[in-house]
Amino acid sequence: MLIANRGEIALRIIRACRELGIKTVAVYSEADRYSLHVRFADEAVCIGPPQSKESYLNVPRLIAAAEVTNADSIHPGYGFLSENASFAEICGTSGLTFIGPKPESITAMGDKAFAKETMKKAGVPVIPGSDGIVSDFNDAKRIAGDVGYPIIIKATAGGGGRGMRIVREQSELENAYRTASHEAEKAFGNSSVYFEKYLEEPRHIEIQVMGDRFGNVVHFGERDCSIQRRHQKLVEESPSPAITPEMREAMGAAAVKGAKSVRYLGAGTIEFLLDKNKNFYFMEMNTRIQVEHPVTEEVMGTDLVKLQIEVAAGERLKKVKAKPEWYAMECRINAEDPAFDFRPSPGKIVSFHLPGGFGVRVDTHAYAGYEIPPYYDSLVAKLIVKAKSREEVVEKMYHTLDEFIIEGIQTTIPFHKKLMRNEQFRSGIFDTKFIEQFKFKD
Ligand code: ADP
């Protein structure tokens, strides 16, 4: 298997392959020569200069690397080409099994406005908004009026928390609409936007699903990702403190129904927003393994990456009872300085001491002496902790963070420590706006 990715997720996939007896090929850019994924793969191929466009996003080079190494499958990880339907298609026509859904399912879910239509047709509740894209300003005025302010403008080709704009009243609409379209064009090469009702104080709750080649789709319960900064996740946990077993069942059933409607194969995530009245609405589907998948693995006792590979190889899924017996939480340790508005802090890690103990897991590609390149995302490590209750998890997380020593760069560890000591966070009652009000600095 060729792993078309880098960092901790490349290493995570290599681990699954080793256990399954699958030989691996790592690819790397010139900036990643000394990364652990290169070291632990059976073979490694340099695919170009540091810039992602020239390396991890360079389809011809990836396919050539697979051909020279005789790989017969490609795992895209997350980010990069993982949600690129044409890459999945090219893998297929080159005789390589793409570890992920069929290109048609990626297309159906990749266009966010279209995905909402698909889900709505499948009977899944969606956030009220425009039916599809908003094509001109006259349309925009009419639709925003119908939906009712505040609205959120989203890029249909968007992702990663980017390309969104909140509009609170009509006087702001024209400017916001034009800027959003322009920014979407610049960032995603597609200026199309759609509107949604902007939900005040929602929680972000997502359902992990998996589909096999026989049309079976199962779900593994939820992850609560309401701790976000600028629409990007910082902490994820499961089970969600905001939902009941009945709600889990209802959201799980909706997610399965949605995934089945696009004949979904492999690992995927259906993201919902939960409003104050505990109504849930489909927001989008991610057609890949996600950063926060270990939270579900710990709670459910399932290796999702192995399962992803097995279903791609034609194995049939067994029934899953999404009844979590454990409690798990993940903190994203980024090379960012929380004291200075989370500004990036790449550079050389001088010392690196990992925490340990019962219920502690660290997924990382970093080590003492490793240099974090400035070219890619800032994730250094994922710290995942599990215990029998949320209270115990938060307490354990605090002490585990305290044991995690990274010197030479600034990280988000101090931020997470402060969060674990915050009363509101500990109460479990918060929403996606919580971090905006949370003061790291006093
Ligand atoms: P991306 O794919 O870029 O991550 P999402 O559509 O998943 O974007 O949204 C990311 C986050 O933005 C959500 O978790 C939520 O916090 C916020 N958000 C998105 N849509 C809405 C909405 N309609 N109302 C309130 N918040 C929203």
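Order of appearance sets the numbers: ligands from 1, and atoms from 1 within every ligand.
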Looking at [X], I want to see if its [atom1] is surrounded by more than 12 non-hydrogen atoms of other residues, nucleotides or ligands under 6.0 Å.
X: Lys388; atom1: NZ; result: yes
X: Arg61; atom1: CZ; result: yes
X: Arg230; atom1: CZ; result: no

Checklist entry - What part of Lys197, side chain from CB on, backbone N/CA/C/O, both or neither, has a heavy atom under 4.0 Å from ligand 1? => result backbone
Checklist entry - What part of Glu200, side chain, backbone, both or neither, has a heavy atom within less than 4.0 angstrom of ligand 1? => result neither
Nearest-neighbour protein heavy atom for [atom], which is reported as residue plus atom name and distance:
atom: atom 2 (O) of ligand 1; result: Glu284 OE2, 2.6 Å
atom: atom 9 (O) of ligand 1; result: Met283 SD, 3.7 Å
atom: atom 15 (C) of ligand 1; result: Gln228 OE1, 3.8 Å
atom: atom 1 (P) of ligand 1; result: Gly161 N, 3.3 Å
atom: atom 8 (O) of ligand 1; result: Lys112 NZ, 3.3 Å
atom: atom 19 (C) of ligand 1; result: Lys154 NZ, 3.3 Å
atom: atom 17 (C) of ligand 1; result: His231 ND1, 3.4 Å
atom: atom 21 (C) of ligand 1; result: Leu273 CD1, 3.4 Å

Next on the checklist: Minimum heavy-atom separation for Leu317 and Asp212, please, with both atom names.
Outcome noted: N-OD2, 2.9 Å
Item to check | Considering all heavy atoms, the nearest Ile127-Tyr281 contact | outcome: CG1-CB, 3.4 Å
Checklist entry - Knowing that exactly one of Leu273, Thr269, Thr296 qualifies, which makes a side chain to side chain contact (heavy atoms under 4.5 Å, CB included) with Glu206? => result Thr269
Next on the checklist: With a 6.0 Å cut-off on the ring centroids, do Phe438 and Phe415 count as close?
Outcome noted: yes
Checklist entry - Can the ring centroids of His293 and Tyr78 be said to lie less than 6.0 angstrom from one another? => result no
Per-atom contacts, ligand 1 versus [X] - under 4.0 Å to a heavy atom:
X: His204; answer: 13 (C), 14 (O)
X: Thr432; answer: 16 (O)
X: Leu199; answer: 22 (C), 24 (N), 25 (C)
X: Glu271; answer: 7 (O)

Next on the checklist: I'd like to check Ser345 versus Glu336 (side-chain heavy atoms, cut-off strictly below 4.5 Å). Are they in contact?
Outcome noted: no
Checklist entry - Do the side chains of Phe434 and Ile429 get nearer than 4.5 Å, heavy atoms only? => result no
Item to check | side chain to side chain donor-acceptor pair (under 3.5 Å) between Arg332 and His416, worked out | outcome: CA-CA 9 Å; Arg332 297 193 190 195; His416 288 300; over 6 Å; no
Can [X] be said to touch ligand 1, with heavy atoms closer than 4.0 Å?
X: Gln232; answer: no
X: Gly159; answer: yes
X: Lys233; answer: no

